Student: 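What follows is a structure written as structure tokens; I'll ask about it next.
It should be emphasised that the depicted structure is a prediction, and the values quoted were computed from it without experimental measurement. No hydrogens, no waters, no symmetry mates; every other heavy atom, side chains included, goes into these values. Throughout, a chain's letter reflects where its sequence line sits, starting with A, and its residues are numbered from 1.
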Protein chains: 2
Amino acid sequence: MKKKPSLKDIAKEVGVSVPLVSYVLGGKGKENRVSDKTAKKIRDTAKALNYRPNLNARSLKTNRTKTIGVILADISNPFFANLARIIEDEAFSLGYTVIFGSSDENIRKFDRVLELLLTRQVDGLIIAPPEGSKNTISQLKKQNIPFVLIDRYFQDLDYNYIVADNFNASMLATEYLIKKGHKRIATIGYNSSLAHYQDRYNGYVEGLKTNGIEEDANLVKRVSNNKLKADMHEAITHLINVNNATAIYFQTNTLAEEGLRQLIGLEKDILAKIDVVVFDQNSTYHFLQNFVPYIDQPIKKMGYYALKTLIEHINNPDLNTSQLKLPAHLEEEGMRKNN
Amino acid sequence: MKKKPSLKDIAKEVGVSVPLVSYVLGGKGKENRVSDKTAKKIRDTAKALNYRPNLNARSLKTNRTKTIGVILADISNPFFANLARIIEDEAFSLGYTVIFGSSDENIRKFDRVLELLLTRQVDGLIIAPPEGSKNTISQLKKQNIPFVLIDRYFQDLDYNYIVADNFNASMLATEYLIKKGHKRIATIGYNSSLAHYQDRYNGYVEGLKTNGIEEDANLVKRVSNNKLKADMHEAITHLINVNNATAIYFQTNTLAEEGLRQLIGLEKDILAKIDVVVFDQNSTYHFLQNFVPYIDQPIKKMGYYALKTLIEHINNPDLNTSQLKLPAHLEEEGMRKNN
DNA sequence: TAATATTGCTTAATCGTTAAAGCAATCATT
DNA sequence: AATGATTGCTTTAACGATTAAGCAATATTA
């Protein structure tokens with residue numbers, strides 16, 4: 001690959017000094033009193049040589065890379081893929097480039113990806129922190145690197161975060177099932193200490209309580225991410241065969257997908273008997289015989305505010321942190337979204 | 001954000017010159033005869049200051065960014081999300097960082113994203129080229145920038161590409177339906193001139209022909225990406241109500257998703273009467289009453305070889321181009337994948 | 001013991017870009 | 001005609017890192 005043209009090459013070609021070329025191409029020709037004639041010559045040969053500025057070199061000077069790092073759990077998970085896409089678009093329109101990394105809910109992978117992004121000199125980060133990453137995150141804070149947590153958060157008010165209001169969303173889901181007449185409402189969540197999952201559980205409990213239903217520990221199942229199939233199988237068969245659950249609230253889209261698949265595997269028409277509510281939309285559900293109500297997270301807003309907050313903090317490091325819990329609503333039958 | 005520590009800061013702290021620090025931290029301490037004592041001091045203060053090398057500065061010197069650009073159609077489309085994830089992992093393990101961009105099948109967006117990636121000095125590119133991008137691609141070639149086309153390609157042997165064998169895959173799909181006894185097999189594809197779509201159409205025609213079935217133009221529908229719903233509706237209703245199609249082969253996952261949704265909307269149990277085969281796996285289909293056979297593309301291999309080829313060409317610009325068509329197979333009932 | 005190696009560092013130059021300061025030549029002013 | 005302002009450029013320095021070349025001081029060899 002032959003060397004790419006630089007300012008120097010243009011300068012040589014035109015017969016002027018390098019800074020002059022920089023001024024013109026940087027749009028600061030006028031204020032640096034470059035003559036129109038020279039400016040034109042510079043612009044013309046820049047085009048002729050197919051010149052492209054070297055953003056790395058520029059970053060070195062300006063100490064800004066105009067790049068942000070985004071660490072999500074898994075970019076092939078539809079929820080995160082959508083989120084990624086929204087962040088990408090928003091960043092693009094603001095002149096920022098995004099580098100993604102997946103943590104796979106694994107601390108060590110998370111740390112390595114983070115390290116990589118920092119070496120790449122990202123101006124800031126948007127992070128969906130995995131379980132156990134609190135320590136790393138607090139290190140980040142200490143180093144004064146701007147970041148915004150997304151989807152997940154820590155109670156700590158030291159950090160910026162943008163999350164859905166998981167607690168209320170869960171209450172909505174639970175109360176929907178209660179209104180449908182269910183008494184034995186089960187819920188399946190991840191075996192995780194992440195605050196937003198706790199919120200989902202707590203919202204479920206609160207939903208039951210405010211409607212005078214006592215929580216039954218047998219109806220609360222927690223499964224592990226790394227043995228999803230087996231745990232889910234046990235959870236579902238127990239709930240249905242032993243504990244007489246008549247409704248199930250799945251706390252995430254991955255749980256819902258696996259759970260629904262297994263439910264239908266047990267009995268094709270099971271959704272006629274068991275009511276289900278799930279967290280997160282999934283185009284999947286359009287194919288089920290019965291519509292499955294779902295919690296619709298404000299992904300677009302989450303992405304938008306995360307980027308907005310991050311950039312504000314990049315531009316003004318002394319800004320106070322901001323915390324945002326965005327309302328999520330329950331999408332019920334009849335309101336099928338068509339886009 | 002206070003300034004990040006640099007080699008200079010370490011040098012000052014330890015009381016040595018900057019290059020010495022560079023040698024030690026770059027693992028070239030021994031060959032540059034740095035004493036063990038000094039080396040240790042350097043490493044210790046590097047750690048103490050939380051030093052991280054500035055990859056941008058390094059790139060400036062080495063003329064290698066260890067970054068590759070990846071332009072896909074839409075990273076929120078499951079097919080591309082999976083591909084992205086595989087490329088990300090593969091690149092990560094090879095010490096490369098990936099910057100993604102979505103073209104949205106739009107030339108102008110494509111050009112802008114490409115321009116952005118080039119200014120970021122990517123070492124090379126993996127590209128799923130949108131319709132009409134041939135010109136841009138040939139410019140890239142002229143500039144000697146290493147790239148590999150993926151998923152889509154141009155006949156031109158000047159370019160590296162890794163694609164599925166769409167022609168044969170389409171034949172498989174068609175012949176499957178023929179074996180099931182169908183005579184009136186329809187196909188729905190995009191209204192696009194992209195070669196891989198042409199291959200899918202041609203494979204369908206060839207499948208019919210080798211089995212003695214004449215192509216019926218009424219059974220071949222093409223829809224537009226930007227008015228998918230309307231076009232699909234017209235296509236489907238015509239195929240079923242007017243043209244007596246008894247089977248439909250959907251040429252992409254997006255077409256399949258919309259098409260199946262509409263089919264089921266027409267009549268819940270329609271898949272009992274109409275046989276369907278689709279391109280690309282989609283977790284979606286697990287929820288259908290009837291299993292839908294699908295063409296399983298070798299996404300993993302595509303990502304792997306794309307990266308391998310790209311890096312070989314980055315390291316050796318004079319290498320001959322390589323073209324690869326990977327076999328895709330038909331996943332039939334009973335072989336339900338469970339991972 | 002004088003020439004030669006080796007050790008352990010430093011200095012200088014460079015990558016592509018930007019920002020500040022400097023300096024002739026021309027123009028305007030009274 | 002002498003002074004000051006403007007025009008149109010150049011020179012210098014810096015960002016953080018790497019690489020080659022240089023140079024004392026000490027150690028080794030004949």
Side-chain angles (χ1 to χ4, degrees), chain A residues 1-43 45-46 49-67 118-123, chain B residues 1-43 45-46 49-67 118-123:
Chain A
M1 183 164 56
K2 62 174 169 255
K3 218 180 61 46
K4 293 174 196 146
S6 69
L7 291 185
K8 207 191 209 169
D9 300 313
I10 300 175
K12 208 184 299 170
E13 182 80 13
V14 180
V16 294
S17 67
V18 172
L20 213 65
V21 180
S22 169
Y23 291 144
V24 170
L25 298 183
K28 301 188 171 174
K30 277 272 170 284
E31 79 190 67
N32 282 286
R33 306 173 310 220
V34 182
S35 72
D36 289 351
K37 214 175 97 193
T38 316
K40 188 176 176 339
K41 254 197 276 181
I42 288 173
R43 268 188 287 265
T45 60
L49 293 181
N50 214 331
Y51 170 76
R52 262 186 288 264
N54 182 327
L55 247 49
N56 286 338
R58 183 179 292 170
S59 297
L60 190 55
K61 245 328 242 183
T62 61
N63 210 22
R64 282 290 186 82
T65 56
K66 286 277 190 173
T67 301
L118 291 177
T119 333
R120 298 266 164 190
Q121 309 300 119
V122 295
D123 291 338
Chain B
M1 182 164 56
K2 61 174 167 251
K3 216 179 64 43
K4 294 174 195 145
S6 67
L7 292 185
K8 208 191 211 171
D9 299 313
I10 300 175
K12 208 183 300 170
E13 184 79 14
V14 179
V16 294
S17 67
V18 172
L20 214 64
V21 181
S22 170
Y23 291 143
V24 171
L25 299 183
K28 302 186 172 175
K30 277 273 171 282
E31 78 189 67
N32 282 284
R33 306 172 310 219
V34 182
S35 72
D36 288 353
K37 215 176 95 191
T38 316
K40 188 178 177 336
K41 256 197 272 181
I42 288 173
R43 268 189 287 267
T45 61
L49 293 181
N50 215 331
Y51 169 77
R52 262 185 288 263
N54 182 328
L55 248 48
N56 286 337
R58 182 179 294 168
S59 298
L60 190 55
K61 208 32 209 164
T62 61
N63 210 22
R64 282 290 187 82
T65 57
K66 284 279 192 171
T67 302
L118 291 177
T119 11
R120 297 266 165 191
Q121 310 300 118
V122 294
D123 291 338

Student: Verify, without hydrogens or angle tests, whether B:Asn54 (side chain) and B:Asn56 (backbone) share a donor-acceptor contact under 3.5 angstrom.
Tutor: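 Yes; at least one donor-acceptor contact below 3.5 Å.
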Student: When you check the phosphate oxygens OP1 and OP2 of D:dA17, does a side-chain N or O of B:Tyr51 lie under 4.0 Å from one of them?
Tutor: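 It does, given that an N or O in the side chain of B:Tyr51 lies less than 4.0 Å from OP1 or OP2 of D:dA17.
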Student: First and last nucleotide of DNA chain C touching chain A, 5' to 3', heavy-atom cut-off 4.0 Å?
Tutor: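 In short, chain A contacts DNA chain C from C:dC15 to C:dG22.
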Student: Does A:Lys66 offer a backbone N or O that forms a donor-acceptor pair with the side chain of A:Asp123 under 3.5 Å?
Tutor: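 Yes, the answer is positive, given that a donor and an acceptor are paired below the 3.5 Å cut-off.
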Student: If you compare all heavy atoms of B:Leu55 against all heavy atoms of A:Gln121, which two are closest, and at what distance to 0.1 Å?
Tutor: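 Here B:Leu55 and A:Gln121 meet closest at N-OE1, 4.2 Å.
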Student: Out of D:dC9, D:dG16, D:dT12, which nucleotide sits closest to the side chain of B:Leu60?
Tutor: D:dG16
Student: Remember a base hit wins even if backbone is also touched, and classify B:Val18 as base, sugar-phosphate or nothing at under 4.0 Å, heavy atoms.
Tutor: base
Student: Looking at A:Lys3 and A:Asp9, is any side-chain nitrogen of the basic one under 4.0 Å from a carboxylate oxygen of the acidic one?
Tutor: yes
Student: Salt-bridge test for B:Asp36 and B:Lys41: reply yes if a basic N is under 4.0 Å from a carboxylate O, no otherwise.
Tutor: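 No.
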Student: With a non-hydrogen cut-off below 4.0 angstrom, is B:Arg33 in contact with a base, only sugar-phosphate, or nothing?
Tutor: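 If one applies the 4.0 Å heavy-atom cut-off, B:Arg33 turns out to touch a base.
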Student: Which of these nucleotides, D:dA13, D:dT18, D:dT10, is closest to any side-chain atom of A:Lys61?
Tutor: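 Minimum distance to the A:Lys61 side chain belongs to D:dA13.
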Student: Closest-nucleotide mapping onto DNA chain C: is B:Asp36 or A:Pro5 further toward the 5' terminus? I mean the 5' end.
Tutor: B:Asp36
Student: Please classify the nucleic acid contact of B:Pro19 as base, sugar-phosphate, or nothing, using heavy-atom distances under 4.0 Å.
Tutor: base
Student: Classify B:Thr62 by what it touches in the nucleic acid, base, sugar-phosphate, or nothing, heavy-atom distance under 4.0 Å.
Tutor: nothing
Student: Please tell me whether B:Arg58 and B:Thr65 have a donor and an acceptor in their side chains that are separated by less than 3.5 angstrom.
Tutor: no
Student: B:Ser59 near the nucleic acid: base, sugar-phosphate alone, or nothing, with a heavy-atom cut-off under 4.0 Å?
Tutor: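 Counting heavy atoms under 4.0 Å across all strands, no contact is made by B:Ser59.
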Student: So what does B:Ser35 touch, heavy atoms closer than 4.0 Å: a base, only the sugar-phosphate, or nothing?
Tutor: sugar-phosphate
Student: Picking from D:dT19, D:dT11, D:dG16, which would you name as closest to the side chain of A:Ser17?
Tutor: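 For A:Ser17, the side-chain atoms sit closest to D:dT11.
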Student: Quick check on D:dC15: is either OP1 or OP2 less than 4.0 Å from any side-chain nitrogen or oxygen of B:Lys3?
Tutor: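 No, because none of the side-chain N or O atoms of B:Lys3 sits under 4.0 Å from OP1 or OP2 of D:dC15.
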Student: When you match A:Gly26 and A:Lys8 each to their closest nucleotide on DNA chain C, which lands nearer the 5' end?
Tutor: A:Lys8
Student: By the 4.0 Å heavy-atom rule, please label B:Ser6 as base, sugar-phosphate, or nothing.
Tutor: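 It contacts sugar-phosphate atoms only.
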Student: Stepwise, does the side-chain contact (heavy atoms from CB on, under 4.5 Å) test hold for A:Ile42 with A:Val16?
Tutor: CA-CA 9 Å; A:Ile42 288 173; A:Val16 294; 4.2 Å; yes
